[in-house]
Amino acid sequence: MSGFRIAVLASGTGTNLQAILDGVHGRSFGGQDFEVVAVASDKPDAKALERAGAAEIETETFERKDGEDREARDSVMAGWLDERRPDLVVLAGYMQLLSPGFVEHFRGRMINVHPALLPSFPGIDAIGQALAHGVTVTGVTVHFVDEGMDSGPILLQLPVVVPSSRDRAELEAMIHSVEHELLPKAIRLIASGRVSLDPDNPRVVRIRPE
Ligand code: GRF
């Protein structure tokens, strides 16, 4: 049986990492064994690293030291990831903009989860942006990563209706539970080989039916 190797970058609590660990790590789908082979962070105290450690997955922290440019940090991180031979790099709450060289290196095999229906509300605090804008529907997007801020080709989206309370904690909980469903689904979909970019318009992701 062949294997599908996943690397995850995370800066925070890592509930999306946990959804990947629970939903795909160590499991088999479509004749492939899925394995999370590496978890990296920019923050040494990220809870995501604890979760990875508990699952006995290799971890590393790539902080940006004083005076060091992003390019240098990302190049070291790319080398560490390459040694673990990931088929897919997943940004799961990774709060750093990646340098163009890193993005180019992993182009077409790196995805991000964003808590809004892109192209609405890219960047930080998408949930707060959506509430402040007064939208009644927001949601979750999983997209391929390009050089821009949350601007790459969209793979999967699901809407979330803003609760009438407009309570932030309630909306956050709703969005996170959709993320935890959509991100493992996106990983399985890519591993199935059914995902490609439209050659006529590489902004558009095509999904071949089963
Ligand atoms: C998620 O909402 C993700 O969409 C955003 O950052 C948050 C990370 O949450 N990019 P967690 O660390 O996975 O719990």
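Atoms within a ligand are numbered from 1 in the order they appear, just like the ligands themselves. We use all heavy atoms of the structure for the numbers below, so side chains are in, but hydrogens, waters and symmetry mates are not. Just so you know, residue 1 is the first one in the sequence shown, and it goes up from there. Since we're looking at a predicted model, the values are computed, not measured.
The side-chain heavy atoms of Ile207 and Leu155, taken from C-beta on, include a pair separated by under 4.5 Å.
Residue contact annotation: His176 has a non-hydrogen atom under 4.0 Å from ligand 1.
In the vicinity of Glu179, heavy-atom distances shorter than 4.0 Å reach the ligand 1 atoms 1 (C), 2 (O), 3 (C), 4 (O).
Among protein heavy atoms, atom 9 (O) of ligand 1 sits closest to Asn16 ND2, 3.8 Å. Remark: minimum distance from atom 10 (N) of ligand 1 to any protein heavy atom is reached at Val113 O, 3.4 Å. Protein heavy atom in closest approach to atom 14 (O) of ligand 1: Thr15 OG1, 2.5 Å.
When Pro115, Ala116, Gly93, Gly14 are ranked by how near their heavy atoms come to atom 12 (O) of ligand 1, first place goes to Gly14.
An N or O contact shorter than 3.5 Å is missing between Asn112 and ligand 1 by distance.
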>> Quick one, His176 with Thr15, criterion side chain to side chain donor-acceptor pair (under 3.5 Å). Give me CA distance, side-chain angles, the key distance, then yes/no.
In response: CA-CA 8 Å; His176 285 143; Thr15 61; 5.4 Å; no

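Residues Pro202 and Pro153 come closest through the heavy atom pair O-CG, 3.5 Å.
Without hydrogens or angle criteria, Gln32 side chain to Ala191 main chain gives a donor-acceptor distance under 3.5 Å.
Taking the six-membered ring for Trp and the full ring otherwise, the centers of Phe121 and His133 sit less than 6.0 Å from each other.
Among residue pairs with one or both ends in residues 74-84, those qualifying as side chain to side chain donor-acceptor pair (under 3.5 Å) are Glu58-Arg84, Asp74-Ser99, Asp82-His105; sequence neighbours excluded.
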